[in-house]
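Can you keep this structure in mind? I'll have questions shortly.
Along the sequence shown, residues carry numbers from 1.
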Amino acid sequence: MSKRKTIEAFFKKKDVSNSEIRTPVAVETNVNTSMPDEHPSKCPKLQSEEIDRDPGTRKQICEFPINKQDEIRRAYLINGPYQPKDIVYPYNNDTHRRRFQHLWYISHEDWLEYSPSTDALYCLPCYLFSKKPTGRPGSDVLISTGFNNWKKVKDGMNCPLIRHEGKEPNSPHKIAVKCCEDLQNYSRHIDKLIEKQTSKELENNRLRLKTSIECARWLAFQACAFRGHDESLDSKNRGNFIELIKFTSTFNDKVASVVLENAPGNAKYTSPTIQKEILHILANNVRNAIREEIGDAKFCILVDEARDESKREQMAIILRFVDKEGFIKERFFHVVHVRDTTALTLKNEICAVLSRYNLHIENIRGQGYDGASNMRGEWNGLQALFLKDCPYAYYVHCMAHRLQLALVTASREVKDVHQFFDHLVNIINIVVGSSKRSDELQHAQAEQVENMIASNEIETGRVINTISEEGANFKQRGDAEGAYQVLTSFEFILILHLMKEIMGITNVLCQALQQQSQDLLNAMHLVSTTKSLIQELRDDGWEPLLASVISFCEQHEIDIPDMNARYTKGRGRYRRQDDDLTMEHHFRIGIFTVAIDFQLQELKSRFCELTTELVILRKSKIYFLIDRLIRLVLTLPVSTATTERAFSAMKLLKTRLRNRMEDELLADNMIVYIEKEIAGNFTIEMIMDEFYSMKNRRQT
């Protein structure tokens with residue numbers, strides 16, 4: 001019985017001192033596959049039969065073992081393309097017999113190969129780094145099957161060899177050539193190679209994106225359209241965005257080398273989606289900046305609605321607040337499409353926007369709307385709904401709107417003034433009814449200015465008088481004659497001068513009320529000053545006004561009635577005369593005084609409610625929190641003129657040609673255009689970093 005072996009016996013060191021040592025015999029090859037000393041090859045030695053120089057008979061790379069493929073590639077690259085020259089090239093069997101020319105090597109010496117066995121051409125880089133055949137026709141012509149259609153070789157730019165190389169930087173052939181270069185530089189560490197390639201690609205991507213951001217921001221600041229009708233390469237006008245990038249690249253060769261056609265197809269950064277993303281980032285940054293400006297301060301909301309070019313109801317939201325330095329700010333914040341204009345719908349949309357940016361309803365201290373019933377309703381209006389959630393959200397009817405209503409109502413209450421405006425509209429329609437009449441009026445006005453007005457060389461009403469005599473038809477001549485009679489009447493001239501005086505006074509108030517920095521107390525002081533000036537006009541303004549009207553009539557040869565004559569009221573059989581009523585009494589009391597009294601009455605009635613409630617605020621000055629009190633008073637809205645300016649911007653952005661603009665894109669465009677002062681402060685790097693962080697992108 002043999003002795004049992006222990007486990008150590010199986011691992012006992014073998015004595016090789018006398019054992020036969022077999023030294024492997026190196027197999028000679030006809031290919032020099034040696035590598036630099038600093039990076040010796042870890043692959044097994046190649047057999048001579050594995051390297052076949054003839055492209056028509058060699059095996060495909062994918063048929064070699066995976067661990068030998070790189071050594072095979074290096075061997076072929078060291079020997080270079082197989083280009084036999086000292087042989088006789090056979091003719092083909094076509095009608096016009098043709099054959100391969102060795103001069104074709106010169107144009108493509110880095111990759112072109114010729115196979116004597118198949119009489120065809122091949123591409124060495126594509127052979128070395130091609131994948132398995134896809135089965136698509138023509139995909140393996142210069143790789144495995146070979147190309148021998150000699151007729152098309154000299155076909156200019158349609159030459160198959162030139163087309164094989166490709167114009168794009170990422171063509172399959174150029175990618176294979178790049179792989180060959182990388183394989184030959186094998187001594188470098190692969191991680192450093194990838195790092196350098198990634199760094200260069202990242203630098204180019206950021207330069208392209210920087211150009212796109214600058215162009216997008218410039219177009220948004222100028223309220224220009226981004227896209228064009230035809231953005232193809234053959235188009236003469238590819239749209240503002242692409243044309244601006246093209247124009248920018250003409251001043252910078254580095255930019256020109258990476259944008260548009262020189263950019264990879266998957267990283268051009270010019271698509272409509274990229275444009276919208278850039279604009280959305282700018283818009284969000286502006287809103288976040290406004291939110292930071294407000295901080296924890298109280299604010300008020302200014303809201304109005306209007307229809308855009310596509311007949312969609314849009315609601316503009318303006319935030320009014322006092323910043324940390326004590327300045328009044330009115331910032332456009334958002335525009336939202338609403339299905340209807342009911343108070344509840346508007347409130348829900350406003351609350352959704354405020355909550356999205358962490359603005360609490362409890363911090364609202366003012367509401368500024370127009371006088372529509374859905375806004376100012378005491379029970380179910382928008383201001384009443386917000387007062388239920390925040391009892392300190394004081395409602396102020398737009399004071400500029402109140403002033404307009406006061407002027408319109410006062411004009412309608414006085415019959416003579418109402419008729420004056422009706423006649424004025426008729427005269428304007430007659431003059432501007434054709435471009436010829438409008439040009440004649442402008443020419444007459446220019447002549448009058450040149451002759452210093454006082455030369456009396458310009459006949460009053462020359463344009464309308466010409467129409468009454470030379471009109472195209474009886475209706476046109478009759479309308480012009482009636483307008484001429486009204487225009488040259490003393491009463492029309494008197495009311496014209498009176499309205500000029502009244503509106504000259506109220507215009508100062510109107511312009512002041514529309515200022516964003518206007519506060520409520522100063523606005524009430526301006527209203528009081530305006531009423532005082534109108535009252536002063538009533539008390540002491542008749543004599544200067546009458547003298548001015550008489551001087552105007554004498555200058556323009558208009559009949560002046562006798563002021564002491566009896567005033568005749570009505571015409572025909574209904575005409576009445578009153579011995580106590582003179583022409584001067586009619587003009588002074590019946591028109592001048594009555595018009596001013598109605599104006600004062602409207603101003604007092606429409607602004608007295610606000611004055612009464614402000615008296616309560618003034619009593620609060622005894623409190624020691626004077627800074628908080630002043631900030632609250634300054635926060636209260638004065639007018640909604642900022643919302644009207646926002647709608648003016650909306651008309652510039654959403655035009656008839658851009659009426660399919662989406663609501664989100666419209667909102668982003670509007671806030672970047674209106675608040676361009678804030679949008680211009682963001683650096684390109686900040687926008688690019690946020691752009692890359694939005695989602696996973698290539699080489700970011």
Side-chain angles (χ1 to χ4, degrees), residues 209-231 237-245 268-291 303-319 331-339 349-350 352-354 356-357 642-680 682 684 686-688 690-695 697:
L209 181 59
K210 179 180 179 181
T211 306
S212 297
I213 292 173
E214 288 286 12
C215 294
R217 183 156 57 177
W218 189 90
L219 291 174
F221 285 174
Q222 301 300 320
C224 297
F226 280 61
R227 301 184 62 188
H229 174 68
D230 183 9
E231 296 184 355
N237 185 357
R238 301 176 63 187
N240 291 336
F241 185 75
I242 295 181
E243 292 293 338
L244 185 58
I245 292 179
K268 289 182 178 293
Y269 299 114
T270 57
S271 67
T273 303
I274 297 296
Q275 299 171 20
K276 293 178 182 178
E277 289 178 355
I278 294 173
L279 203 59
H280 187 64
I281 291 172
L282 281 170
N284 273 343
N285 286 339
V286 172
R287 294 190 185 97
N288 292 331
I290 295 174
R291 178 64 186 90
V303 177
D304 202 357
E305 315 96 42
R307 287 203 304 175
D308 60 18
E309 186 64 28
S310 59
K311 311 304 179 186
R312 294 169 66 85
E313 195 74 25
Q314 304 289 350
M315 177 180 64
I317 302 175
I318 310 295
L319 300 182
R331 298 294 193 188
F332 173 81
F333 198 70
H334 219 300
V335 61
V336 183
H337 167 62
V338 291
R339 301 186 307 276
E349 294 292 344
I350 294 172
V353 172
L354 296 180
R356 194 181 309 157
Y357 293 92
T642 308
T643 60
E644 300 298 336
R645 297 188 187 99
F647 292 136
S648 298
M650 182 178 68
K651 292 181 180 179
L652 291 176
L653 292 166
K654 194 168 185 177
T655 60
R656 182 177 61 86
L657 297 178
R658 305 171 67 188
N659 60 2
R660 296 181 63 185
M661 183 184 297
E662 300 173 354
D663 294 328
E664 184 179 6
L665 181 59
L666 174 63
D668 293 342
N669 262 293
M670 287 183 64
I671 194 169
V672 175
Y673 173 72
I674 296 173
E675 301 296 343
K676 62 182 67 175
E677 180 183 355
I678 299 177
F682 304 127
I684 297 296
M686 182 191 308
I687 301 173
M688 286 194 296
E690 189 168 347
F691 176 82
Y692 285 134
S693 63
M694 288 179 63
K695 59 184 179 181
R697 301 183 189 273

Nearest-0.5 Å distance, CD1 of residue Ile687 to OG of residue Ser212: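 Ile687 atom CD1 to Ser212 atom OG measures 12.0 Å (nearest 0.5 Å).
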Leu209 and Tyr692: CA distance, side-chain angles, deciding distance, side-chain contact (heavy atoms from CB on, under 4.5 Å) verdict: CA-CA 10 Å; Leu209 181 59; Tyr692 285 134; 3.8 Å; yes
What are the two closest non-hydrogen atoms of Tyr673 and Gln222, and how far apart are they?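 Minimum heavy-atom contact is CE1-C, 4.4 Å.
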For the atom pair CD1 (Ile242) and CD1 (Ile245), what is the distance rounded to the nearest 0.5 Å?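 So the gap between those two atoms works out to 7.0 Å.
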Could you measure the distance from the CG atom of Leu282 to the CD1 atom of Ile671? Nearest 0.5 Å is fine.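 If I round to the nearest 0.5 Å, the distance is 10.5 Å.
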On a heavy-atom basis, which atom in Met650 and which in Arg307 lie closest, and how many Å separate them?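 Looking at all heavy atoms of both residues, the shortest contact is CE-O, 4.1 Å.
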Can you tell me how far NZ of Lys276 sits from CD of Glu662, rounded to the nearest 0.5 angstrom?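 The CD atom of Glu662 sits 4.0 Å away from the NZ atom of Lys276.
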Could you give me the CA-CA distance, side-chain angles and deciding distance for Ile281 and Met694, then say whether side-chain contact (heavy atoms from CB on, under 4.5 Å) is met? CA-CA 9 Å; Ile281 291 172; Met694 288 179 63; 3.4 Å; yes
Could you report the tightest heavy-atom contact between Met661 and Lys654, atom names first, then the distance?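 Looking at all heavy atoms of both residues, the closest pair is O-NZ, 3.5 Å.
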With the side chain counted from C-beta on, respond yes when Ile274 and Phe691 share a heavy-atom pair under 4.5 Å apart, and no when they do not.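 Side chain of Ile274 against side chain of Phe691, heavy atoms only: contact under 4.5 Å found.
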Kindly give the heavy-atom pair with the smallest separation between Ala679 and Arg217, and that separation in Å.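 So the two residues come closest at O-NH1, 3.1 Å.
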Take Arg331 and Val286, measure what side-chain contact (heavy atoms from CB on, under 4.5 Å) needs, and give me the verdict at the end. CA-CA 10 Å; Arg331 298 294 193 188; Val286 172; over 6 Å; no
May I ask you to decide if Ala216's main-chain N or O and Gln275's side chain share a donor-acceptor pair within less than 3.5 Å?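 Judged by distance alone, no pair lies under 3.5 Å.
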Compare all side-chain heavy atoms of Glu309 with those of Thr655 and state whether any distance is below 4.5 angstrom.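 Result no, sub-4.5 Å side-chain heavy-atom pair not found.
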Quick check against the 3.5 Å criterion: does Arg658 have a side-chain atom that pairs as donor or acceptor with the backbone of Leu653?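 A pair under 3.5 Å: yes.
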Counting N and O atoms only, with roles assigned by atom type, does the side chain of Arg291 sit under 3.5 Å from a partner on the main chain of Tyr357, one being a donor and the other an acceptor?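 Yes.
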Compare every heavy atom of Asp304 with every heavy atom of Glu644, then report the nearest pair and how far apart it is.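 Nearest pair, atom of Glu644 first, then Asp304: OE2-OD2, 2.8 Å.
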Nearest-0.5 Å distance that lies between atom CG in Asn284 and atom CZ in Arg356: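 So the gap between those two atoms works out to 9.0 Å.
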Just by modelled atom types, is the His334 backbone N or O under 3.5 Å from a matching donor or acceptor in the Arg287 side chain?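 No, the answer is negative, given that no donor and acceptor are paired below the 3.5 Å cut-off.
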Sequence neighbours left out, what passes ring pair (Phe, Tyr, Trp, His ring centres under 6.0 Å) with Phe241? Give chain and number order.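 Phe241: no ring pair (Phe, Tyr, Trp, His ring centres under 6.0 Å) contacts found.
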Within this structure, what is the CD1-CD distance for the pair Ile684 and Glu214, rounded to the nearest 0.5 Å?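 Reported value, rounded in 0.5 Å steps: 3.5 Å.
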Taking Gln314 for the side chain and Ala306 for the main chain, is one N or O donor matched with an acceptor at less than 3.5 Å?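 No.
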Would you check if the side chain of Lys676 reaches a backbone N or O of Phe221 as a donor-acceptor pair within less than 3.5 Å?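 Side chain of Lys676 to backbone of Phe221, a donor-acceptor pair under 3.5 Å: yes, one is there.
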side-chain contact (heavy atoms from CB on, under 4.5 Å) between Glu349 and Val353: does it pass, once the steps are laid out? CA-CA 6 Å; Glu349 294 292 344; Val353 172; 5.6 Å; no
Does Asn659 reach the main-chain N or O of Ser310 with its side chain, forming a donor-acceptor pair under 3.5 Å?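 Absent.
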Quick one: closest heavy-atom pair of Ile678 and Ala289, and the distance?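 Scanning both residues completely, I find the closest heavy atoms to be CG2-CB, 3.7 Å.
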